[in-house]
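Okay, structure first, notes after.
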Amino acid sequence: NTSGSSIALTSENVTGPFAIQTNTCSSTLPSNTGCTLAIVFQPTQSGSASGVLTVVSGQGTQTIGLNGSGENPATDTLAPASLNFPSTLENTASASQTVTLTNSGGAALTGIQVQTIGDFAVVNGCSYSLNAQSSCTLTVQYTPHAVGAETGSIVVTDNLRSQTILLTGTGTAPPTDTLSATSLVFPATVIGQNAPQQMLTLTNSGDAALDQLNIQAAGAGFSDSNNCGNSLAAHSSCVITVTFHASAAGSVTGQIDIVD
């Protein structure tokens with residue numbers, strides 16, 4: 001009020017998605033003073049919105065147009081809600097799987113933090129903030145340190161809430177290549193004849209196949225045959241049959257080379 005006399009104030013009102021948050025005006029505004037109306041915008045939907053501030057006083061009615069634009073709040077949708085990893089050899093990293101975090105709102109999602117529990121590791125491609133209408137990826141690997149089924153989780157926290165992704169996997173024992181004996185002794189054998197055959201058993205007690213298997217006898221007069229093939233299945237055995245053919249007088253030594 002810049003005049004030399006007081007002004008009677010009748011009312012102050014707003015329309016639309018607006019509200020008077022603070023009003024320091026009373027029923028009378030003395031001369032050479034002022035009062036304050038603090039207006040807040042409270043959108044109920046996205047898009048443009050308008051309203052009017054109306055002040056009625058002893059000098060008449062005044063209006064001020066109000067405009068604002070509402071936007072949808074941030075979202076934090078995680079998918080999928082769980083990951084199941086296939087059987088994985090102990091102390092070996094699995095193939096990666098991914099979880100997607102999507103913000104379909106109109107504002108940035110902030111405060112993003114990611115933690116893992118169990119024998120699982122995550123690469124966080126989301127950083128601390130995720131822009132509106134965008135997605136980011138969490139890349140997860142499973143490295144079991146024990147044999148058997150286990151569970152873990154990823155906890156994703158942001159400015160809206162905390163969410164948990166369930167993780168499951170099974171650690172398996174690596175293949176083994178255990179021989180039933182470390183040496184074979186053949187009896188004295190007439191030159192030109194074969195000694196009685198002797199057997200070795202090769203056992204794979206692991207949970208995975210023993211691959212790239214190659215068996216070969218070395219040494220004068222020694223030979224072998226086997227039913228092992230190039231791969232020995234998990235929890236199975238095969239037999240190596242060793243033959244000694246005496247071709248000269250005197251002792252001889254040889255060996256069975258097993259490569260896998």
Side-chain angles (χ1 to χ4, degrees), residues 80-99 116-123 137-154 165-190 192-248 250-260:
S82 63
L83 295 177
N84 181 34
F85 288 83
S87 296
T88 304
L89 287 179
E90 186 179 4
N91 298 316
T92 301
S94 70
S96 297
Q97 297 191 42
T98 59
V99 175
T116 57
I117 299 173
D119 287 338
F120 303 88
V122 62
V123 176
T137 300
L138 306 176
T139 303
V140 189
Q141 275 191 315
Y142 171 48
T143 305
H145 296 104
V147 175
E150 61 179 311
T151 61
S153 61
I154 301 173
I165 301 294
L166 178 65
L167 308 174
T168 56
T170 301
T172 57
T176 66
D177 55 359
T178 305
L179 285 170
S180 57
T182 57
S183 64
L184 297 176
V185 178
F186 288 85
T189 304
V190 176
Q193 294 186 9
N194 292 337
Q197 292 178 327
Q198 297 194 43
M199 311 293 185
L200 288 172
T201 301
L202 177 63
T203 300
N204 175 13
S205 57
D207 295 324
L210 181 66
D211 293 323
Q212 300 180 354
L213 188 58
N214 184 33
I215 302 172
Q216 188 172 6
F222 294 97
S223 62
D224 78 277
S225 62
N226 66 80
N227 63 349
C228 299
N230 296 323
S231 179
L232 182 59
H235 302 287
S236 63
S237 299
C238 62
V239 176
I240 304 168
T241 302
V242 184
T243 301
F244 171 57
H245 178 78
S247 58
S251 61
V252 294
T253 59
Q255 64 189 39
I256 299 293
D257 293 322
I258 302 172
V259 179
D260 54 52

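Positions are given from 1, in the same order as the sequence printed here. This one's a predicted model, so the numbers in the text were calculated from it and none came from an experiment.
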Sub-4.5 Å side-chain heavy-atom contact between Ile258 and Leu213
yes
Once rounded to the nearest 0.5 Å, what's the spacing between atom SG of Cys228 and atom CG of Leu200?
9.5 Å
Are Ser236 and Asn204 close enough, and set up right, to give a side-chain hydrogen bond (donor to acceptor under 3.5 Å, both in side chains), and what steps lead you there?
CA-CA 6 Å; Ser236 63; Asn204 175 13; 5.5 Å; no
Quick check: do Glu150 and Pro144 have side-chain heavy atoms less than 4.5 Å from each other?
yes
CG on Leu166 to CD1 on Ile117, rounded to 0.5 Å:
11.0 Å
Regarding Asp257 and Gln255, do their side chains bring together a donor and an acceptor under 3.5 Å, going by distance alone?
yes
Between Gln212 and Asp260, is there a side-chain heavy-atom distance shorter than 4.5 Å?
no
What's the shortest heavy-atom distance between Thr172 and Ser87, and which atoms?
CG2-CB, 3.6 Å
Is the backbone of His145 close enough, under 3.5 Å, to the side chain of Asp119 for a donor and an acceptor to pair up by distance?
yes
Any chance you could measure Leu210, atom CG, to Thr203, atom OG1, to the nearest 0.5 Å?
10.5 Å
Taking all atoms of both residues into account, what is the closest heavy-atom pair of Pro175 and Ala208, and its distance?
CB-O, 3.4 Å
Identify, with sequence neighbours excluded, every residue that meets side-chain contact (heavy atoms from CB on, under 4.5 Å) alongside Asp224.
Ile215, Ala217, Asn226, Ile240, Ile256
Roughly how far apart are Ile165 CD1 and Ser153 OG, rounded to 0.5 Å?
9.5 Å
Write down the atom of Gly206, the atom of Ala234, and the distance for their closest heavy-atom approach.
O-CB, 3.3 Å
Would you list the atom pairs, donor with acceptor, under 3.5 Å between side chains in residues 91-99 and any protein atom, with sequence neighbours excluded?
from: Ser94; atom 1: OG; to: Tyr142; atom 2: N; distance (Å): 2.9
from: Ser94; atom 1: OG; to: Tyr142; atom 2: O; distance (Å): 3.3
from: Gln97; atom 1: NE2; to: Asn84; atom 2: O; distance (Å): 3.2

Please determine whether side-chain hydrogen bond (donor to acceptor under 3.5 Å, both in side chains) holds for the pair Ser237 and Thr201, giving the CA-CA distance in whole Å, both sets of side-chain angles, and the decisive distance to 0.1 Å.
CA-CA 7 Å; Ser237 299; Thr201 301; over 6 Å; no
Distance in Å, Phe120 CZ paired with Leu83 CG, rounded so as to fall on 0.5 Å steps:
9.0 Å
Val123: side-chain contact (heavy atoms from CB on, under 4.5 Å) partners, not counting sequence neighbours:
Thr139
How long is the span from the CG atom in Leu202 to the CG atom in Asp177, to the nearest 0.5 Å?
6.5 Å
How close do Thr176 and Ser205 get, counting heavy atoms only, and between which atoms?
OG1-N, 2.7 Å
